[in-house]
Amino acid sequence: TDYRMPLLKSYLESFLFHISSCFENKRETVRNIDDKIIIELFKLVDQNFREEKEVSFYASKLGITSKKLTRLCIKKMGKTIKQYIIGRLVLEIKKEIFKNEKSFKEIAFDLNFSEPAYFTRFFKKNTSMTPEEFRSRMTISPSKQP
């Protein structure tokens, strides 16, 4: 089990590197202003998704309207900014559940959910399973470990 977190971190870093390279050329210059905005958005969401879940926050930080940011995200990513934020939050929840170091209540409060019941409803709505079901699927019995 000690190898899983470094491996998961390595995969995530590789994925994020790949995503950022899609928006930069070999000389590390940004191709156009839309790509620059998306790159900055990725950084902002990664730094703030625990506390800030509203599109208006990110649009304000980027100096554009919420409507323009939403249109840009649909154009560049095929999803709205809200969908992207939700996806990032779900990824973090899954990571915390997988690590199995905190209770669901602790995870909920760490990610600024007002109550654990809302956390459970949010997770089920976005993954079609409860946090308990996800944790039980991630638990590997000793006989199945490599």
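- Between the side chain of E92 and the backbone N or O of L89, no donor-acceptor pair lies under 3.5 Å.
- Considering CG of L62 and NZ of K43, their distance stands at 11.0 Å, rounded to 0.5 Å.
- The number of heavy-atom neighbours closer than 6.0 Å to NZ of K61, taken from other residues, nucleotides and ligands shown, is 12 or below.
- The CD1 atom of I93 sits 4.0 Å away from atom CZ of F113, with the distance rounded to the nearest 0.5 Å.
- Residues T80 and C73 come closest through the heavy atom pair C-CB, 4.1 Å.
- In this structure, the separation between CD on E52 and OG on S60 is 10.0 Å, given to the nearest 0.5 Å.
- Counted within 6.0 Å of NZ on K105, heavy atoms from surrounding residues, nucleotides or ligands total 12 or fewer; the atom is thus considered open.
- In this structure, I74 is not a member of the same hydrophobic cluster as I39, with clusters built from ILVMFWY side-chain heavy atoms closer than 4.5 Å.
- Under the 4.5 Å side-chain heavy-atom criterion for Ile, Leu, Val, Met, Phe, Trp and Tyr, F109 and F123 are members of distinct hydrophobic clusters.
- Between atom CG of residue L69 and atom CD1 of residue I64 there is a gap of 4.5 Å, rounded to the nearest 0.5 Å.
- Salt bridge absent: R137 and E133 never bring a charged side-chain N and a carboxylate O closer than 4.0 Å.
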N48 and Y58: CA distance, side-chain angles, deciding distance, side chain to side chain contact (heavy atoms under 4.5 Å, CB included) verdict: CA-CA 9 Å; N48 297 288; Y58 297 98; 3.6 Å; yes

Would you sort out whether K76 and I37 count as a side chain to side chain contact (heavy atoms under 4.5 Å, CB included), showing the intermediate values? CA-CA 10 Å; K76 293 290 184 176; I37 291 170; over 6 Å; no

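- In this structure, the side chain to side chain contact (heavy atoms under 4.5 Å, CB included) partners of K75, at least two apart in sequence or on a different chain, are D34.
- Aromatic pair F98/F134: centroids not less than 6.0 angstrom apart.
- Residues I81 and V45 meet the side-chain proximity criterion, which asks for heavy atoms closer than 4.5 Å.
- Atom CZ of F49 is separated from atom OH of Y84 by 10.0 Å, given to the nearest 0.5 angstrom.
- Nearest heavy-atom pair across R50 and N112 is O-ND2, 2.8 Å.
- For the pair E96 and R135, the tightest heavy-atom approach, listed with the atom from each and the gap, is O-NH2, 4.5 Å.
- Between F42 and D46 there is no side-chain heavy-atom pair separated by less than 4.5 Å.
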Should F104 and T120 be marked as a side chain to side chain contact (heavy atoms under 4.5 Å, CB included) after you check the CA-CA gap, both sets of side-chain angles, and the distance that decides it? CA-CA 8 Å; F104 296 128; T120 299; 5.8 Å; no

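- Atom NZ of K102 has more than 12 neighbouring heavy atoms from other residues, nucleotides or ligands inside a 6.0 Å radius.
- When atom types are taken as modelled, the side chain of K82 and the backbone of K53 share a donor-acceptor pair closer than 3.5 angstrom.
- Here the closest heavy-atom approach between residue S56 and residue S66 is recorded as CA-OG, 3.4 Å.
- Taking CZ of R121 as the start and CD of E115 as the end, the distance is 6.0 Å to the nearest 0.5 Å.
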